[in-house]
Trainee: 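First the structure, then my questions, so here it is.
As the structure is a prediction and not an experimental result, all values here were calculated from the model. Reckoned from all heavy atoms, side chains included, excluding hydrogens, waters and symmetry mates.
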Amino acid sequence: MEPSGVVEALWDRIQARDWSGVADLVAEDVVVEWPISAERIVGNKNFVAVNSEYPGGWSIRVLRIVADGSEVVSEVEVPHDEFGVFRAASFWTVQQGRIVRGREYWTSVGADPRPAWRTALVEPM
């Protein structure tokens, strides 16, 4: 499977709650970093557990996937019934059909207030 297909399959399997299928796409010694919350997930089992244990009520919509060789970037939107809408920009490294490294930037839509000095220069989304 091409690296972009691996990442597409990852999000499809997460959406389907196919946790054994997710585990099949992630290397045993994977390292995934979340700089926004200053956390690092080390290992396949921990990656699957972090995702499978997140409180229910969410879905995933892939907005785009862009690949250059083994490097793949995905942007997803994750609406949650209770917590609102999240977005993630994820940077993945795929080798031999498995994700070996990731860096994800998760935030909620509108989490950062618009500063007053930009009011005349921007418009709300």
Side-chain angles (χ1 to χ4, degrees):
M1 187 179 328
E2 291 293 318
S4 62
V6 172
V7 172
E8 184 175 359
L10 173 75
W11 290 119
D12 289 346
R13 292 175 189 186
I14 290 174
Q15 170 62 28
R17 279 61 165 179
D18 175 6
W19 305 119
S20 64
V22 169
D24 291 342
L25 296 173
V26 179
E28 289 299 319
D29 59 351
V30 70
V31 175
V32 178
E33 297 174 338
W34 289 351
I36 300 300
S37 57
E39 296 173 282
R40 180 177 293 120
I41 304 164
V42 178
N44 178 302
K45 287 181 179 31
N46 288 336
F47 181 79
V48 171
V50 163
N51 284 282
S52 66
E53 294 178 19
Y54 192 82
W58 53 268
S59 60
I60 294 193
R61 186 171 75 120
V62 176
L63 302 176
R64 77 179 88 191
I65 295 175
V66 179
D68 184 11
S70 65
E71 302 298 319
V72 183
V73 177
S74 63
E75 179 186 8
V76 298
E77 181 173 81
V78 184
H80 190 283
D81 293 342
E82 186 179 339
F83 304 128
V85 179
F86 297 90
R87 288 270 177 99
S90 305
F91 299 81
W92 306 104
T93 302
V94 179
Q95 295 175 348
Q96 299 176 336
R98 298 186 90 186
I99 294 170
V100 297
R101 188 157 189 81
R103 180 173 283 229
E104 297 189 284
Y105 295 88
W106 285 88
T107 189
S108 56
V109 174
D112 294 334
R114 291 184 296 268
W117 68 266
R118 285 199 307 243
T119 302
L121 306 172
V122 301
E123 60 186 51
M125 292 176 52

Trainee: When rounded to the nearest 0.5 angstrom, what distance separates CH2 in Trp34 from CD in Glu39?
Mentor: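 One gets 6.0 Å once the value is rounded to the nearest 0.5 Å.
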Trainee: Please check: side-chain N/O of Glu75 versus main-chain N/O of Leu63, any donor-acceptor pairing under 3.5 Å?
Mentor: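 Flag not set: sc Glu75 to bb Leu63 has no pair under 3.5 Å.
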Trainee: Is there a path of hydrophobic side-chain contacts, each under 4.5 Å between heavy atoms of I/L/V/M/F/W/Y residues, joining Val30 to Val42?
Mentor: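 No, Val42 does not connect to Val30 through the hydrophobic network.
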Trainee: Contact between Val22 and Trp19 at the side-chain level, heavy atoms closer than 4.5 Å - yes or no?
Mentor: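 When only atoms from C-beta onward are counted, Trp19 and Val22 do touch, with a gap below 4.5 Å.
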Trainee: Can Glu71 and Thr93 be said to form a side-chain contact (heavy atoms from CB on, under 4.5 Å), step by step?
Mentor: CA-CA 5 Å; Glu71 302 298 319; Thr93 302; 3.0 Å; yes
Trainee: Starting at CH2 of Trp58, measure out to CG of Asp81 and round the result to the nearest 0.5 Å.
Mentor: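 So the CH2 of Trp58 and the CG of Asp81 are separated by 11.5 Å.
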Trainee: Mark yes or no for whether Arg98, through its side chain, and Ala23, through its backbone, hold a donor-acceptor pair below 3.5 Å.
Mentor: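 Yes, the answer is positive, given that a donor and an acceptor are paired below the 3.5 Å cut-off.
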Trainee: Please round to the nearest 0.5 Å and tell me the distance separating atom CG of Asp18 and atom CG of Asp24.
Mentor: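 Reported value, rounded in 0.5 Å steps: 8.0 Å.
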Trainee: Measure the spacing between CD of Gln95 and CZ of Arg101 and express it to the nearest 0.5 Å.
Mentor: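 Spacing of CD (Gln95) from CZ (Arg101) equals 11.0 Å.
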Trainee: If you define the side chain from C-beta out and look only at heavy atoms, does anything of Trp92 sit under 4.5 Å from Val6?
Mentor: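 No, every pair of side-chain atoms sits at 4.5 Å or beyond.
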Trainee: Indicate the atoms forming the closest heavy-atom contact of Ala67 with Val72, along with that distance.
Mentor: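 Residues Ala67 and Val72, closest heavy atoms: CB-CG2, 4.0 Å.
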Trainee: With a 3.5 Å distance limit and no angle check, can you tell me whether Asn44 reaches the backbone of Val26 through a side-chain donor-acceptor pair?
Mentor: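 Checking the backbone N and O of Val26 against the side chain of Asn44, a donor-acceptor pair under 3.5 Å is found.
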Trainee: Would Ser37 and Trp106 count as having a side-chain donor-acceptor pair, cut-off 3.5 Å?
Mentor: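 Side chains of Ser37 and Trp106: no pair found under 3.5 Å.
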Trainee: Membership question, hydrophobic clusters at under 4.5 Å side-chain separation (ILVMFWY): are Tyr54 and Ile99 in the same one?
Mentor: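 Looking at the clustering, Tyr54 is in the same group as Ile99.
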Trainee: With heavy-atom distances below 4.5 Å as the criterion, would you say the side chains of Thr119 and Arg114 are in contact?
Mentor: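 Contact flag for Thr119/Arg114 side chains = no.
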Trainee: Counting only heavy atoms from other residues, nucleotides and ligands, does the tally under 6.0 Å from CZ of Arg118 exceed 12?
Mentor: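 For Arg118, atom CZ is crowded (more than 12 foreign heavy atoms under 6.0 Å).
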Trainee: With a 4.5 Å cut-off on side-chain heavy-atom distances among I, L, V, M, F, W and Y, is there a chain of contacts connecting Leu25 to Val31?
Mentor: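 Per the 4.5 Å side-chain linkage, Leu25 and Val31 are not co-clustered.
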Trainee: Is Arg61 close to Trp11 at the side-chain level, that is, under 4.5 Å between some pair of heavy atoms?
Mentor: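 Contact flag for Trp11/Arg61 side chains = no.
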Trainee: If I take atom CZ from residue Phe47 and atom CD1 from residue Ile14, how far apart are they, to the nearest 0.5 angstrom?
Mentor: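 Separation between the atoms: 5.0 Å.
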Trainee: Once you round to the nearest 0.5 Å, how far does CD of Glu8 lie from CE of Met1?
Mentor: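 CE of Met1 is found 9.5 Å from CD of Glu8.
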Trainee: Hydrophobic clustering (ILVMFWY, side-chain heavy atoms < 4.5 Å, transitive) - are Phe83 and Val78 grouped together?
Mentor: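 Yes, one cluster joins them.
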Trainee: Determine whether Val73 and Ile36 fall in the same hydrophobic cluster, where Ile, Leu, Val, Met, Phe, Trp and Tyr are linked whenever their side-chain heavy atoms lie under 4.5 Å apart.
Mentor: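 They do share one cluster, since a chain of ILVMFWY contacts under 4.5 Å joins Val73 to Ile36.
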Trainee: Tell me if a side-chain donor or acceptor on His80 pairs with a main-chain N or O of Ser59 at a distance below 3.5 Å.
Mentor: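 Side chain of His80 to backbone of Ser59, a donor-acceptor pair under 3.5 Å: no, none is there.
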Trainee: Taking everything shown except Arg17 itself, do over 12 heavy atoms lie less than 6.0 Å from its CZ?
Mentor: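 Check passes, neighbour count above 12.
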Trainee: Distance-only, no hydrogens or angles: does the Arg87 side chain make a donor-acceptor pair with backbone N or O of Glu77 under 3.5 Å?
Mentor: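 No, Arg87 side chain to Glu77 backbone: no donor-acceptor pair under 3.5 Å.
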Trainee: For the residue pair Val76 and Val62, establish whether any side-chain heavy-atom pair is separated by less than 4.5 Å.
Mentor: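 Side-chain contact under 4.5 Å: yes.
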